[in-house]
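Here it is: the structure, laid out below.
Just so you know, these numbers use all the heavy atoms, side chains as well, and skip hydrogens, waters and symmetry mates.
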Amino acid sequence: MSMFSSFDKDLKKADGCLHKAADMFFHPIGEDVFHKWDTKHPAFPGPKLTKVTLECKDPPPPPPPPPKKEEKKCECVCVPCVPCCPPPPPPPPPPPPPPPPKVEKCVCVPCVPCVPCCPPAPPPPPPPPPPPPPPPPPPPKVECHPCCCPPVVIHHHHCCPPACPPPPPPPPPEPTCWRIYPCFKVIDKCKVEETEWHPMMKDYTAEKVWQLHVYLPDVGKDKVMVDICDGTVVVHGEGIFHTHCGMWPGHVEHCCDCTRKEPTPFVKQFKLPDKCKLKEAFVEFEKEVMVVRILRG
């Protein structure tokens, strides 16, 4: 920042006098005797002046004039010019025109047929024919007993009908067993043996859909599988069996806080009704209930 950044404010405090403003700027402490020193002169206006003329009592002496150079007068003397080279020779005269050509009279001589001095050369003889290829070597003679060698039959291709292309391979049979939960893939056929215990299941048959509800409390989604094999739905996996309350009369699958929960494998199958679209099966497992839905048509 410039040292005169507050120049306008200092000039107003000094009543517009540049001398007072300078004393207040260079002596900012109020106790300084020169802070507000009375110079006893009229106010020196700052912004109102537009032109200031400075007069010096003892002006400096003017600089000495530069020394004059003496001009030397040149006396010109005219000297006649002497050529340094001889004058060029005059141009040669133009050559005389050529004389007109002389026209000589032609004397016609009767044409005489040309007689060759040498007879024409005979044509070159044709090249000799190439030598014939050597005959193929005879096949090796194999001596065998007539009772152990079958007769050789030679077929000519021009008399045999064209061979028929081989028939295409038969298409692979459609799978009859595949898994629809937790993923869709083809599986091998296996024997199904139902277990004595299984979770509570109930199937519903309608005109356009077949459904199966399976109640699986406390069972993870990766512990149960659903397969379709030869028109039968097989549900198998691992369920939770309550050992202290599972054998009560009127048993209903439930979820409780008991500590006697045994993971138990189970297998249960259901025969599907007619007209079921097995390739359009849908399985959903949410909130401890698995729903298997197959459309009919």
Fill in: Nearest-0.5 Å distance that lies between atom CZ in F282 and atom CZ in R293
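Here the rounded value is 6.0 Å.
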Discussion item. The criterion is salt bridge (charged side-chain N to carboxylate O under 4.0 Å, His left out); which residues satisfy it with E196, sequence neighbours excluded?
Written reply: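 Expected list: none.
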Discussion item. Ring centroids only, cut at 6.0 angstrom: are F241 and W197 within range, meaning strictly under it?
Written reply: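 Here the rings of W197 and F241 have centres that are less than 6.0 Å from each other.
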Worksheet item: To the nearest 0.5 Å, how far apart are CD in Q269 and NE2 in H198?
Response: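 Separation between the atoms: 11.0 Å.
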Discussion item. side-chain contact (heavy atoms from CB on, under 4.5 Å) for L216 and E288? Distances and angles first, verdict last.
Written reply: CA-CA 5 Å; L216 299 168; E288 301 179 346; 5.6 Å; no
Worksheet entry | Residues in salt bridge (charged side-chain N to carboxylate O under 4.0 Å, His left out) contact with D274, at least two apart in sequence or another chain |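 Per chain and number, D274 pairs via salt bridge (charged side-chain N to carboxylate O under 4.0 Å, His left out) with no residue.
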Practice prompt. Could you grab the distance from atom NE2 of H236 to atom SG of C190, nearest 0.5 Å is fine?
Written response: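 It is 7.0 Å, given to the nearest 0.5 Å.
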Practice prompt. Might you point out which heavy atoms bring R179 and V226 nearest each other, and give the distance in Å?
Written response: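 Of all heavy-atom pairs spanning R179 and V226, the closest is CG-O, 3.5 Å.
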Practice prompt. Would you sort out whether M290 and V224 count as a side-chain contact (heavy atoms from CB on, under 4.5 Å), showing the intermediate values?
Written response: CA-CA 9 Å; M290 174 182 285; V224 185; 3.6 Å; yes
Worksheet item: Of I180, V283, L212, L272, which is the lone residue that meets side-chain contact (heavy atoms from CB on, under 4.5 Å) with I294?
Response: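 One option only clears the test, and that one is L272.
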Fill in: Atom of K271, atom of G231 and distance for their closest heavy-atom approach
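The answer is CD-O, 3.9 Å.
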Practice prompt. Verify side-chain contact (heavy atoms from CB on, under 4.5 Å) between V234 and V267, making sure each step is shown before the conclusion.
Written response: CA-CA 7 Å; V234 181; V267 178; 4.1 Å; yes
Worksheet entry | Hphob cluster co-occupancy, V214 + V209, side-chain heavy atoms under 4.5 angstrom |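 Each belongs to a different hydrophobic cluster.
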Worksheet item: In Å, rounded to the nearest 0.5 Å, how long is the span from SG of C229 to NZ of K191?
Response: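 Answer rounded to 0.5 Å: 13.5 Å.
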Worksheet item: When you look at CG of D230, are more than 12 heavy atoms from neighbouring residues, nucleotides or ligands closer to it than 6.0 Å?
Response: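 For D230, atom CG is crowded (more than 12 foreign heavy atoms under 6.0 Å).
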Discussion item. For F266 versus M201, what's the shortest heavy-atom pair and its separation?
Written reply: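 So the minimum-distance heavy-atom pair works out to CE1-CE, 3.6 Å.
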Discussion item. Please say yes or no: joined through hydrophobic side-chain contacts below 4.5 Å, possibly via intermediate residues, are L295 and L278 part of one cluster?
Written reply: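 Different clusters: L295 never reaches L278 through Ile, Leu, Val, Met, Phe, Trp or Tyr contacts under 4.5 Å.
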Practice prompt. Any chance you could measure D227, atom CG, to K185, atom NZ, to the nearest 0.5 Å?
Written response: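 If I round to the nearest 0.5 Å, the distance is 9.0 Å.
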Worksheet item: Where is the tightest heavy-atom contact between V186 and W178, given as atom of each residue plus distance?
Response: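 Closest approach of V186 to W178, heavy atoms only: CA-CB, 4.0 Å.
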Item to complete: Would you name the heavy atoms of I228 and A281 that are closest together and state the gap between them?
Response: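 Nearest pair, atom of I228 first, then A281: CD1-CB, 4.1 Å.
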Item to complete: Write down the atom of P273, the atom of W210, and the distance for their closest heavy-atom approach.
Response: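 Nearest pair, atom of P273 first, then W210: CD-CD1, 3.6 Å.
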Discussion item. Assigning hydrophobic clusters by single linkage (Ile, Leu, Val, Met, Phe, Trp, Tyr; side-chain heavy-atom cutoff under 4.5 Å), is F285 placed with F184?
Written reply: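 Yes.
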Worksheet entry | Within-4.5 Å side-chain heavy-atom neighbours: Y181 and K221 |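 Touching, per the 4.5 Å side-chain cut-off.
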Discussion item. Would you compute the distance between atom NZ of K279 and atom CD of E174 and round it to the nearest 0.5 angstrom?
Written reply: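 If we round to the nearest 0.5 Å, K279:NZ and E174:CD are 4.5 Å apart.
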Worksheet item: Just checking, is any N or O donor in the side chain of H213 or D203 under 3.5 Å from an acceptor N or O on the other one?
Response: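 Not at all, the side chains of H213 and D203 share no donor-acceptor pair under 3.5 Å.
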Practice prompt. Please confirm whether K268 makes a cation-pi placement over F270, using NZ or CZ under 6.0 Å from the six-membered ring centre and within 45° of the ring normal.
Written response: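 Geometry flag: set, cation within 6.0 Å and 45°.
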